[in-house]
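Chain letters run A, B, ... following the sequence lines, proteins first, then strands; residues in each count from 1.
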Amino acid sequence: MTRLSAYLLPTEKEAPADAEAISHKLMVRAGLIRQVGTGMWTFLPAGWRVHRRVEQIIREEMDAIGGLEILMPVLTPAELWKRSGRYAIDELFKLKDRKGADLVLSLTNEETVTFHVASLVRSYRDLPRILYHIQTKERDEARPRAGLLRTREFIMKDSYTFDRDLEGLEAGYEKHARAYDRIFDRCGLEWYSVESDVGAMGGLGAHEYMAPCAAGENDVALAPGYAANVEVASAEAQPVELPPERDAPEEVHTPGLTTVAQVAAAMEASPGALLKAYPVIAEGRGLVVVVVRGDHRVNDVKLANALGTSFRPAREEEFADAVGPAGFIGPVGAQAPVLLDAAVPDDRGGFVCGANKPDAHLRGVQPGRDFQFERADVRTVVAGDTVGGHPIRIEPAIEVGNIFKLGTRYSEPLGATYLDETGQAQLIWMGSYGIGPARIAAAAVEQYADEKGISWPRSLAPFDAELVVLGKPGTDERAAADRLYEELRAAGLDVLYDDRDAGPGEKFADAELLGCPLRLTIGRRMLAGGELEAQVRRGRESRTLPLDGAAAAAVELWRTLP
RNA sequence: CGGGGAGUGGCGCAGUCUGGUAGCGCACCCGGCUGGGGGCCGGGCGGUCGCAGGUUCAAAUCCUGUCUCCCCGACCA
């Protein structure tokens, strides 16, 4: 029985004063969630229904690819994390028990699941396997934000594949990719999968599943047939117009001109004709001068990948002797290796760059002729760059899932091996795969909300339909609505019945705020003609249904909804 | 971690500058009207003003400390 008069659905006219994101405002206003502390949220009954519907879709698709559901604890011994090397992660919540033993609250479960597999899997005959669970994750986030979009505690489906070799891993990865496609389609989201960074922990490849929305934290570069996180995106740069070439670099006096804009203006050149130098200290390599076009920016993730190591910006005292003072650094004559961005052409002269001494720049510079360099794609793409001839656009998106080829990153430190046909111990190849149900729900709110409130995809809505009755208790309308409620339930619809003694405006406003895909209204006026109103939430179009056979007609209509 | 902002009834806010014992709207409770878009009238309940200390005859208001929350950035294995 889900009569609103006996339910807990605390709707609010006004959003929390400090909320910014649409999903944050609406999910609170609609009575789905309430905040406990920073990044800590309670799901109220209707909100938890949504969460469970997402979970169920995930569960079905994981089972369909042979996933075996288990449940691992949130609380784990620190020992496992010390072995994997993840004990040092700042986001990891660490605590001690009464005996003083170190414990950890899991932020994912690679250590735990690998620990088990190490002892449970003995033979190649035990492989491959897919294990998953849907469990609380704890992360000491630097900055939780935007309601459910980034929280410190959240539920995640994480699955792990265990295979005997890379080929097996690729197959498990592919299975997950297809399962994820189905999951996000079934959830009714607009989504795409993008290439992503494998991160500092290494890995053999990864994709992220992104749901575009204004509150998204990631920027994604998109073109027909191309989608990548801007952290790793590559594209053809827009051409740049260069000043006249010269036989050799020519020094120009540029007192006090240290910014790209100032130098470009003084030289009557476009910013793209400048070579911007960014000195960094690369781990194990020392000073490297990274050079990009003046209209481009260095991408830290791509740079770290290109260097093959972590790096940090060099301090003035670390680079001044080799390349001159800040603002006048350039690649010509630099006493350090030069890493030249791929977007800088080396078949033309005419570039402008710092002269490695105060108050001077060079013009007429040509890479290769005037300085040696190493090539790498290290810039951040910008809107208008092209991929396959198509200009890219960049839009914000929220990450709702990821898939990651781990390789032997965990099986090695945790000793997860199997015996092959020849009796030799071999490392198990692993993959890990995450999905956040709460983020899926929040992304759906972001993507489909309108000025009246939430508009759930049919598969995620807390209820299939909301039945609104107008009129005082004891009236014919009430009797008709009570009957229809039972018929709808018998027909298989999950119905929220607004049987409160409240005015029509309030009931309609609440129903549209909550966002169930179908609203059925019984009121005196239409009841007199033996009819009722059916409103489709997405688009808010109304139609009239005969009361006779209304349940069957409503189910039929409901089946056609998005 | 850096920058900015905010804590006053369930929610949204005023009052703080200029100290005098807390107010508005919504919600809630009671009664009545209304009954297809948050309707109307009347009557009510509800707040140690985040917390601690200090100044003062007197503190929501001034001072010190502290906690919490939000936004931007950094970070995000």
Side-chain angles (χ1 to χ4, degrees), chain A residues 8 10-21 24-25 28-29 31 34-41 81 84-92 106-111 137 139-147 149-152 154 158 196-203 206 208 215 217-218 229 231 300-301 304 310 312-313 398-399 402 404-407 409-410 413 432 434 436 451-453 468-478 481 498 500-513 519-529 531-533 535 540 542 544:
Chain A
L8 181 62
T11 57
E12 299 286 348
K13 281 187 187 175
E14 295 181 89
D18 46 29
E20 297 277 330
H24 182 185
K25 291 179 182 172
V28 171
R29 283 191 56 212
R34 281 294 150 97
Q35 185 168 21
V36 178
T38 302
M40 297 177 277
W41 291 83
W81 300 77
S84 72
R86 293 212 295 174
Y87 193 65
I89 294 176
D90 289 335
E91 283 71 30
L92 196 63
S106 300
L107 40 68
T108 56
N109 298 74
E110 281 84 353
E111 284 80 0
K137 303 290 178 281
R139 294 187 186 177
D140 192 0
E141 291 284 353
R143 188 156 96 81
R145 61 177 288 272
L149 289 182
R150 190 171 200 81
T151 57
R152 293 196 289 183
F154 60 99
D158 44 323
S196 68
D197 183 43
V198 291
M201 293 309 278
E208 289 167 338
E217 297 185 284
N218 299 83
N229 195 314
E231 284 180 350
D300 288 353
V301 174
S310 61
R312 61 172 173 81
I398 176 79
E399 182 186 348
N402 65 76
F404 198 102
K405 295 175 193 170
L406 291 170
R409 161 74 184 81
Y410 291 92
S432 74
E451 67 283 357
K452 295 290 186 181
V468 171
V469 63
L470 307 177
K472 280 187 280 225
T475 58
D476 290 348
E477 300 92 279
R478 292 280 174 156
D498 189 350
R500 295 173 301 173
D501 185 15
E506 194 177 342
K507 290 190 173 192
F508 291 145
D510 274 354
E512 284 168 343
L513 179 59
R519 187 188 77 198
L520 302 171
T521 305
I522 290 186
R524 189 168 56 190
R525 241 162 44 189
M526 292 185 74
L527 185 63
E531 295 176 323
L532 59 89
E533 182 217 0
Q535 187 216 48
R540 302 178 62 233
S542 282
T544 301

**Q** Check whether A:Arg34 reaches the backbone of A:Trp41 with its side chain - one donor and one acceptor, N or O, closer than 3.5 Å.
**A**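 No, A:Arg34 side chain to A:Trp41 backbone: no donor-acceptor pair under 3.5 Å.
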**Q** Would you mind classifying the nucleic acid contact of A:Ala19 as base, sugar-phosphate or nothing, using non-hydrogen atoms under 4.0 angstrom?
**A** nothing
**Q** Any base atoms under 4.0 Å from A:Arg139, or only sugar-phosphate, or nothing? Heavy atoms, all strands.
**A** nothing
**Q** Atom CG of A:Asn109 and atom OG of A:Ser432: how far apart are they, to the nearest 0.5 Å?
**A** 10.5 Å
**Q** How would you label the contact of A:Glu512 with the nucleic acid (heavy atoms, under 4.0 Å): base, sugar-phosphate, or nothing?
**A** base
**Q** Of the listed nucleotides (B:rG38, B:rG37, B:rG36), which one gets closest to any side-chain atom of A:Asp510?
**A**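 Within the option list, the nearest is B:rG38.
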**Q** Do the side chain of A:Gln35 and the main chain of A:Gly37 share a donor and acceptor less than 3.5 angstrom apart?
**A** yes
**Q** Would you mind classifying the nucleic acid contact of A:Lys472 as base, sugar-phosphate or nothing, using non-hydrogen atoms under 4.0 angstrom?
**A**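 The answer is base, as A:Lys472 lies within the cut-off (heavy atoms under 4.0 Å) of a base atom.
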**Q** Once you apply a heavy-atom cut-off of 4.0 Å, does A:Ala146 come out as touching a base, just sugar-phosphate, or nothing?
**A**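 A:Ala146: backbone/sugar contact only, no base atoms under 4.0 Å.
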**Q** Could you tell me whether the side chains of A:Asp158 and A:Thr108 share a donor-acceptor contact shorter than 3.5 Å?
**A** no
**Q** Which value, in whole Å, describes the distance between the C1' atoms of nucleotides B:rU48 and B:rA22?
**A**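 The same atom, C1', in both gives a distance of 13 Å.
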**Q** With rounding to the closest Å, how many angstrom separate the C1' atoms on B:rC24 and B:rG15?
**A** 11 Å
**Q** Work out how far the P atom of B:rA52 is from that of B:rC29, and round it to whole angstrom.
**A** 33 Å
**Q** Taking the same atom, P, in B:rG25 and in B:rG3, what whole-Å distance lies between them?
**A** 41 Å
**Q** I need the CG-P distance between A:Asp498 and B:rG36, as an integer number of Å.
**A**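 Rounded to the whole Å, the gap is 15 Å.
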**Q** Tell me which nucleotide among B:rG38, B:rC75, B:rG36 gets nearest to the side chain of A:Ala142.
**A**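 Nearest to the side-chain atoms of A:Ala142, counting from C-beta on, is B:rC75.
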**Q** Considering just the side-chain nitrogens and oxygens of A:Gln35, establish if one lies under 4.0 Å of OP1 or OP2 belonging to B:rC70.
**A**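 So the side chain of A:Gln35 is within the cut-off, an N or O lying under 4.0 Å from OP1 or OP2 of B:rC70.
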**Q** Select one nucleotide: of B:rG36, B:rG38, B:rC72, the one nearest the side-chain heavy atoms of A:Thr11.
**A**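 Nearest to the side chain of A:Thr11 among the choices is B:rG38.
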**Q** So, the side chain of A:Arg29 versus the backbone of A:Glu12: is there a donor-acceptor pair under 3.5 Å, distance only?
**A** yes
**Q** With both distances under 3.5 angstrom, what nucleotide forms a Watson-Crick or G-U wobble pair with B:rU61?
**A**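 By the stated definition (distances under 3.5 Å), nothing pairs with B:rU61.
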**Q** Round to a whole Å and report the spacing from CG of A:Asp501 to P of B:rG35.
**A** 13 Å
**Q** Is any side-chain nitrogen or oxygen of A:Arg143 closer than 4.0 Å to OP1 or OP2 of B:rC72?
**A** yes
**Q** Say you pick atom C1' in B:rU61 and the same atom in B:rG7; how far apart are they, in whole Å?
**A**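 Per the computed distance, 15 Å lies between those C1' atoms.
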**Q** What is the nucleic acid contact for A:Pro16, judged by heavy atoms within less than 4.0 Å: base, sugar-phosphate only, or nothing?
**A** sugar-phosphate
**Q** Return the pairing partner of B:rC24 with a 3.5 Å limit on both distances, Watson-Crick or G-U wobble; otherwise return none.
**A** B:rG12
**Q** In whole angstrom, what separates A:Glu208's CD from B:rA77's C1'?
**A**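 Going from A:Glu208 (CD) to B:rA77 (C1'), I get 12 Å.
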**Q** Tell me the interatomic distance from A:Arg152, atom CZ, to B:rC69, atom P, rounded to whole angstroms.
**A** 7 Å
**Q** Counting only Watson-Crick pairs (N1-N3 plus N6-O4 or O6-N4) and G-U wobbles (N1-O2, O6-N3), all under 3.5 Å, who is the partner of B:rG2?
**A** B:rC72
**Q** Considering only the C1' atoms, how many Å lie between B:rA58 and B:rG20, rounded to the nearest integer?
**A**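 Each nucleotide's C1' atom is 7 Å from the other's.
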**Q** Between B:rC49 and B:rC13, how far is it from one C1' atom to the other, in whole Å?
**A** 14 Å
**Q** Are side-chain N/O atoms of A:Glu531 and A:Thr544 paired as donor and acceptor at under 3.5 Å?
**A** no
**Q** Does A:Asp90 reach a base, just sugar-phosphate, or nothing at all? Heavy atoms under 4.0 Å.
**A**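 The residue A:Asp90 makes no contact with any strand.
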**Q** Determine which nucleotide pairs with B:rU18, using a 3.5 Å limit on both distances of a Watson-Crick or G-U wobble pair.
**A**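 Answer to the pairing question: none, since B:rU18 forms no Watson-Crick or G-U pair.
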**Q** Between A:Glu12 and A:Gly503, who's closer to the 5' end of RNA chain B by nearest nucleotide?
**A**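 Its nucleotide being nearer the 5' end, the pick is A:Glu12.
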**Q** In this structure, how many angstroms lie between the P atom of B:rG36 and the NZ atom of A:Lys452, rounded?
**A**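 Roughly 17 Å, once rounded to whole Å.
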**Q** How far does the C1' atom of B:rU56 sit from the matching atom of B:rG44, given to the nearest Å?
**A**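 Roughly 37 Å separates the two C1' atoms.
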**Q** Taking A:Val469's backbone N and O only, do any of them form a donor-acceptor pair with A:Arg478's side chain (distance below 3.5 Å, no angle check)?
**A**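 Not at all, since once roles are kept as given, no pair shorter than 3.5 Å links the two residues.
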**Q** Only pairs with both distances under 3.5 Å count, Watson-Crick or wobble alike; so what is the partner of B:rC49 in this structure?
**A**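 The base-pairing partner of B:rC49, which may sit in any strand shown, does not exist here.
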**Q** B:rA77 P sits how many Å from A:Asp158 CG, rounded?
**A**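 These atoms are roughly 15 Å apart.
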**Q** Find the distance A:Glu477:CD to B:rG35:C1' and express it as a whole number of Å.
**A**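 Whole-Å distance recorded here is 9 Å.
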**Q** Tell me which of A:Leu527 and A:Glu14 sits closer to the 5' end of RNA chain B, going by the nucleotide each one is nearest to.
**A**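 This one resolves to A:Glu14.
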**Q** Contact class for A:Arg34 vs. all strands (heavy atom < 4.0 Å): base, sugar-phosphate, or nothing?
**A** nothing
**Q** Would you confirm whether A:Arg519, through its side chain, and A:Ser542, through its main-chain N or O, come within 3.5 Å as a donor-acceptor pair?
**A**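 Such a contact is absent between A:Arg519 side chain and A:Ser542 backbone.
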**Q** If you take all heavy atoms of A:Asp140 and A:Asp90, which pair is closest and at what distance?
**A** CB-O, 4.1 Å
**Q** Looking at B:rC70, I'd like to know if its phosphate oxygens (OP1 or OP2) sit under 4.0 Å from a side-chain N or O belonging to A:Thr38.
**A** yes
**Q** In whole Å, what is the span from the CZ atom of A:Arg478 to the P atom of B:rG36?
**A**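 Rounded to the whole Å, the gap is 13 Å.
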**Q** Looking across every strand, which nucleic acid part, if any, lies under 4.0 Å from A:Glu533 by heavy atom: base, sugar-phosphate, or nothing?
**A** base
**Q** At less than 3.5 Å, do the side-chain atoms of A:Lys13 and the base atoms of B:rG38 form a donor-acceptor pair?
**A** no
**Q** Any side-chain N or O of A:Thr521 less than 4.0 Å from the OP1 or OP2 oxygen of B:rG36?
**A** no
**Q** If B:rA77 has a Watson-Crick or G-U wobble mate with both distances under 3.5 Å, name it; if not, just say none.
**A**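 Its partner is none (no Watson-Crick or G-U wobble pair with both distances under 3.5 Å).
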**Q** In the strands shown, is B:rG38 matched to any nucleotide by a Watson-Crick or G-U wobble pair with both distances under 3.5 Å, and which?
**A** none
